[in-house]
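The structure appears right after this line, and notes come after that.
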Amino acid sequence: MTDILLEIRNLHVSADGLPVLHGVDFTIPIGETHVLFGPNGSGKSSLLATIMGLVPYRVTSGEIWFKGRRIDALSVDQRAQMGLGMSFQRPPALEGVTVEAFTAAIGSTALLETEALALDFSGFAERDVNVGFSGGEIKRWEILKLFLKRPDLCLFDEPESGVDLEHIAAVGKAIDRLLGADTPADPQRTALVITHTGFILDYIHADVGHLMVDGRIVGAGDPRTLFSHIKAHGYSLPPAGADIQQAI
Ligand SMILES: Nc1ncnc2c1ncn2[C@@H]1O[C@H](COP(=O)(O)OP(=O)(O)OP(=O)(O)O)[C@@H](O)[C@H]1O
């Protein structure tokens with residue numbers, strides 16, 4: 001069996017007729033956490049949404065492979081059933097669907113209380129999902145939702161944005177715990193994380209960082225080396241070397 005969980009091959013994507021990704025290539029081996037950096041509008045969220053199969057993103061050419069199966073023609077449901085899950089940057093409010101009902105629908109009621117406690121999210125069970133939630137509460141619910149579902153590949157779209165400094169620690173630790181191997185029966189999970197602030201790097205073990213510019217991955221390497229360079233010099237690659245490789 002291959003040790004590659006996700007493979008993206010020369011992916012071109014349009015959203016409502018507008019080209020947003022222009023030939024993305026990368027792979028994520030099983031159990032690794034990869035981080036995606038890039039300026040506003042470079043295509044990071046579009047890439048995650050395309051992997052998840054969300055509208056209005058349409059693959060115009062290229063391929064997405066997950067667990068050795070080509071998935072770019074599958075529905076969101078089918079991809080979720082296969083083990084893909086995503087925490088959204090701006091998830092919709094679900095009027096009439098309580099947190100408790102949502103949790104029951106994904107079959108994880110038993111876990112809700114303890115995991116909510118860890119994320120300081122107690123007292124939300126009776127509330128409608130995302131209705132009137134603050135920005136930070138929305139983010140904590142997004143992480144909790146993944147915790148309850150435990151997908152094999154977790155896609156995080158800016159999990160720390162809008163979260164206050166105290167709760168960033170709770171979010172970071174929860175993500176680390178979600179991805180970590182708690183027991184032999186619960187293997188190391190695989191993840192792709194978008195971050196602007198880099199706060200999340202203080203809490204998770206990230207294996208590889210990718211830099212996305214203008215709808216393409218332009219290079220990859222050690223996530224901390226890449227992030228330090230971006231902080232000092234903007235969205236460019238440091239000189240190619242052992243830590244960083246430019247895309248060809
Ligand atoms: N549904 C859509 N319709 C039209 N244009 C879109 C759509 N989704 C994304 N785009 C455009 O595609 C480009 C990439 O957007 P995307 O949200 O993927 O960038 P991003 O790198 O995640 O940005 P940010 O860091 O600001 O979140 C932007 O120019 C955006 O306006």
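If you're wondering where the values come from, they're calculated on a predicted model, not measured in any experiment. Whatever order the structure lists ligands and atoms in, that order sets their numbers, starting from 1.
- Ligand 1 lies nowhere less than 4.0 angstrom from a heavy atom belonging to M212.
- Of all protein heavy atoms, the one lying nearest to atom 14 (C) of ligand 1 is G41 O, 3.4 Å.
- Salt bridge present: R9 and E7 bring a charged side-chain N and a carboxylate O closer than 4.0 Å.
- For the side chain to side chain contact (heavy atoms under 4.5 Å, CB included) with S46, the qualifying choice from V20, V13, L18, L54 is V20, the only one to do so.
- Between P56 and ligand 1, no pair of N/O atoms sits closer than 3.5 Å.
- In terms of protein heavy-atom proximity, atom 21 (O) of ligand 1 is nearest to K44 NZ, 2.7 Å.
- For the pair F199/V171, no side-chain contact is recorded, criterion being any heavy-atom separation below 4.5 Å from C-beta on.
- Taking the six-membered ring for Trp, H210 and H34 have ring centres closer than 6.0 Å.
- Of all protein heavy atoms, the one closest to atom 11 (C) of ligand 1 is V20 CG1, 3.7 Å.
- Within the structure, the closest approach of G215 to ligand 1 does not fall below 4.0 Å when heavy atoms are considered.
- The protein atom (non-hydrogen) at minimum distance from atom 17 (O) of ligand 1 is S45 CB, 3.7 Å.
- Near Q89, meaning under 4.0 Å from one of its heavy atoms, ligand 1 places the atoms 27 (O).
- Atom 30 (C) of ligand 1 is never approached by the protein to below 4.0 angstrom, counting heavy atoms only.
- In A49, neither the side chain nor the backbone holds a heavy atom less than 4.0 Å from any atom of ligand 1.
- Between D152 and K67 there is a salt bridge, since a side-chain N of the basic residue sits under 4.0 Å from a carboxylate O of the acidic one.
- E142 has no carboxylate O lying under 4.0 Å from a charged side-chain N of R90, or vice versa, which leaves the two without a salt bridge.
- Which of S14, S46, A15 comes nearest to atom 7 (C) of ligand 1 through a heavy atom is settled by distance: it is A15.
- Listed by number with element, the atoms of ligand 1 under 4.0 Å from a non-hydrogen atom of P39 are 21 (O).
- Taking a cut-off of under 4.0 Å to the non-hydrogen atoms of Y57, the atoms of ligand 1 that pass are 7 (C), 8 (N), 9 (C).
- Under a hydrophobic-cluster definition in which Ile, Leu, Val, Met, Phe, Trp and Tyr are linked whenever side-chain heavy atoms come within less than 4.5 Å, directly or via other members, L165 and I143 are assigned to the same cluster.
- Inclusion of L18 in the set of residues having an N or O under 3.5 Å from an N or O of ligand 1 is not warranted.
- E158 OE2, 3.5 Å is the protein heavy atom nearest to atom 27 (O) of ligand 1.
- Taking the ring centroids of F227 and F37, they lie under the 6.0 Å cut-off.
- Ring pair W141/F102: centre-to-centre distance below 6.0 Å.
- Considering only non-hydrogen protein atoms, atom 3 (N) of ligand 1 sits nearest to D16 OD2, 3.6 Å.
- Under 3.5 Å, the side chains of H229 and S236 contain a donor-acceptor pair of N or O atoms.
- Closest to atom 26 (O) of ligand 1 among all protein heavy atoms lies N40 ND2, 2.9 Å.
- Between the side chains of D207 and T33, no donor N or O sits under 3.5 Å from an acceptor N or O.
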